[in-house]
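Lettering of chains follows the sequences in order, A, B, ..., and the numbering in each one begins at 1.
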Protein chains: 2
Amino acid sequence: MKIDPNHLHILSAIIDAGGLSEGAHAVNKSQPSVSRTIATLEARLGFRLFEKGKRPLRPTEPCLLLAEQGRAIAQASERAAQAAIQYSGGKSGTARIAGTPIFMDGVIANMLASFQGAFPQVTIHQSYGYLDDLSAQLDAGSIDLAICPVRPDAVQDNMAFKPLLRGRNVIACAPTHPLARRSAFKLEDIAAYPWIAPPAGSPLYADLRGALATIGISDFRVSFTGGSLASILSIMAGSDSLTVLPYSVVFMQNHTKLVTALPVKLEHPERALGLVWRADRPMRPAVKRFRRYLEAEFQGLANRIEQKGRRAVWRS
Amino acid sequence: MKIDPNHLHILSAIIDAGGLSEGAHAVNKSQPSVSRTIATLEARLGFRLFEKGKRPLRPTEPCLLLAEQGRAIAQASERAAQAAIQYSGGKSGTARIAGTPIFMDGVIANMLASFQGAFPQVTIHQSYGYLDDLSAQLDAGSIDLAICPVRPDAVQDNMAFKPLLRGRNVIACAPTHPLARRSAFKLEDIAAYPWIAPPAGSPLYADLRGALATIGISDFRVSFTGGSLASILSIMAGSDSLTVLPYSVVFMQNHTKLVTALPVKLEHPERALGLVWRADRPMRPAVKRFRRYLEAEFQGLANRIEQKGRRAVWRS
DNA sequence: AATTTTCATAACATCAAGTTATATTAAATA
DNA sequence: TATTTAATATAACTTGATGTTATGAAAATT
């Protein structure tokens, strides 16, 4: 014997609503419709579901057992609908994101935390990589979204790119650094200090070399290389080392009082930190929501940077 | 949004069976049928349930959530089917029975216990009453089955009657009673002992008077009246009292060694212990099953009584 | 590259289930 | 007890979902 789940659902609705007409209304059907549903159900089961000839419809014993299951079915159905809505709205699901380590640790991590607070049902898979690697992963479909500095003209054909923040590097050091405490200094003074270099393959490393060249420093001493943002900050805090970091990273770390930027203007390639994804594939709702969230956060960040920038003087 | 429970069930079947065709087979449908079901479901939900263009069908994230609910639905549906089968087979449900107190306590109670052992899901509501009362309750529909001694010609038109045991009353006493220990005694000896009388309104009380008259005793001393079988047995065990009981009751109490029957043949109205129910109403499966059970039990009891009867000598 | 397996689509048939209109009937009321 | 009222059952019809078979298309596999 197999019983149509819909029938059980209707049955439970009748019981719970306390009448055939009320039950019919509860499931958005006409009274004759549910009346016949009950009739056919009774015929199949071989026993009555409601006592014969009783006007306030009186359920029989087995009817109540079946209605119980009907309620379970209605509940499951409702849960499913909710799950579908949650997913469609990007409030549940998975987003796989990856980006350059310094940005991910220095800027995105904060936003990620607040996103998870707002949408706890969304699972975020985060990983690290540089542009080429990220592109390959996007192509392979193993990540949904890449976050990295890109020259807009370097974006692949099948990729969409959404710039979030103008790229700008600065010379960073501990707030306790001798240069940071001097109101003014000559560019030559910089040469006296050791450097922390980003990982050798990273764009930031190339930026470091290029930037120092533009301010006339070609020969510099590297005291540390290859670490993550956390280690760079630690080392900087305990030494007089200098390094090159994106300004947004320094800005976001402002509250930690671990790092500050020297008022020196650096030249470097025209890149923008932005989001990259495959334009030819539909984006899952959770990814879409995360993307929108990041865009909004970066808009706020850009504004705050802008405000602060108006009060600072940068020497070139 | 509302999702058809059947669709969710089909979805879960596909997931669990590991393929569209297998899933279709699992729900007794053709492959194209479930294929289209999935297609329409996807269209309604607005997202894919299976990754596009992957041949070993790969479920998407929300698909698994929905399938979960589908399983719950399948389970509820199955439970409902089981409940229906249980009920139809009389293995669950309720039977409301009533009968004369002495019989209920002395004979039926035992059978009831074994029935409940065999069919624990059947709820038995037991109550007491004499024929008129029982008939009224049957008519009112407050009981399903009456068990009492009836003169077959006294059965109402709308009632069915199934005799279970020929009625036969005996004089009962404790096994330690002086008369019980004597191999022979005169009927006049009986007159010397006090009597325990059944409740005044009961047929048994009328039987007691009638029976004693037939053996020449018209004047007898009643030492106790009005109790239940348990109290009658207790009093008899602790005294030299006599009483009149149906032989089946004495027989069933045999193992307790609390009561025995004197070998005296009593005359009384031609009644049979039997089942009475309303012939014009369908009998619920659980009641039907209980009725059949009782009939079988009484068949066995009748045989045992018959066997023992062949070895006994009764004086009239 | 050929084959196999698996899923999607087309075209059609059928039946379950929806509808409105109306008849019945149990309960309430006069 | 007759009448009224409200609730359910039935009738007649329409529609849409779902079933079918036959067949096409596309991954995976060999």
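At the phosphate of C/dG18, neither OP1 nor OP2 sits under 4.0 Å from any side-chain N or O atom of A/Ser30. Between A/Ser35 and the phosphate of D/dA9, there is a side-chain N or O to OP1/OP2 separation shorter than 4.0 Å.
Side-chain N or O atoms of A/Arg284 include none that pairs as donor or acceptor with a backbone N or O of A/Gly93 at under 3.5 Å. For the pair B/Glu42 (side chain) and B/Leu49 (backbone), a donor-acceptor distance under 3.5 Å is present. Formation of a donor-acceptor pair under 3.5 Å by the A/Ser33 side chain with backbone atoms of A/Lys29 is not found in this model.
Taking atom NZ of residue A/Lys52 and atom P of nucleotide C/dA26, one finds them 9 Å apart after rounding to whole Å. Rounded to an integer number of Å, the gap from A/Leu57 CG to C/dA27 C1' is 14 Å. Atom P of nucleotide D/dT18 and atom CG of B/Leu41 are separated by 10 Å, given to the nearest angstrom. With rounding to whole Å, A/Lys29 atom NZ is found 17 Å from C/dT20 atom C1'. Rounded to a whole Å, the CZ atom of A/Arg58 is 16 Å from the C1' atom of D/dT8. Taking atom CZ of A/Phe50 as the reference point, atom C1' of D/dA9 lies 14 Å away to the nearest angstrom.
Of the candidates A/Leu145, A/Ile143, A/Ile97, A/Trp277 forms a side chain to side chain contact (heavy atoms under 4.5 Å, CB included) with just one, namely A/Leu145.
Annotation: the span from B/Lys54 atom NZ to B/Arg48 atom CZ amounts to 11.0 Å, rounded to 0.5 Å. Atom CD of B/Glu68 is separated from atom CG of B/Leu8 by 11.5 Å, given to the nearest 0.5 angstrom. Between the CG atom in A/Leu138 and the CG atom in A/Asp144 there is a gap of 8.5 Å [rounded to 0.5 Å].
In this structure the side chain of A/Phe50 never reaches within 4.5 angstrom of the side chain of A/Leu20, judged on heavy atoms. Contact check for A/Thr100 versus A/Ser202: no side-chain heavy atoms found under the 4.5 Å cut-off.
Comparing A/Ile38 and B/Val34 along DNA chain D, the residue whose closest nucleotide (by nearest heavy atom) sits nearer the 5' end is A/Ile38.
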Pairs under 3.5 Å (N/O, protein and nucleotides 23-25 of chain D):
none

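Residues of residues 1-28 of chain A having a heavy atom closer than 4.0 Å to DNA chain C, listed by number: A/Asp4, A/His7. Heavy-atom distances under 4.0 Å link DNA chain C to no residue of residues 69-78 of chain B.
Contact between A/Arg281 and A/Asp139 at its shortest, heavy atoms only, is NH2-O, 2.9 Å.
Neither side chain, B/Ser21 nor B/Gln31, offers a donor N or O lying under 3.5 Å from an acceptor on the other.
In the interface, the side chain of A/Arg36 is paired with the base of C/dA17 through a donor and an acceptor atom under 3.5 Å apart.
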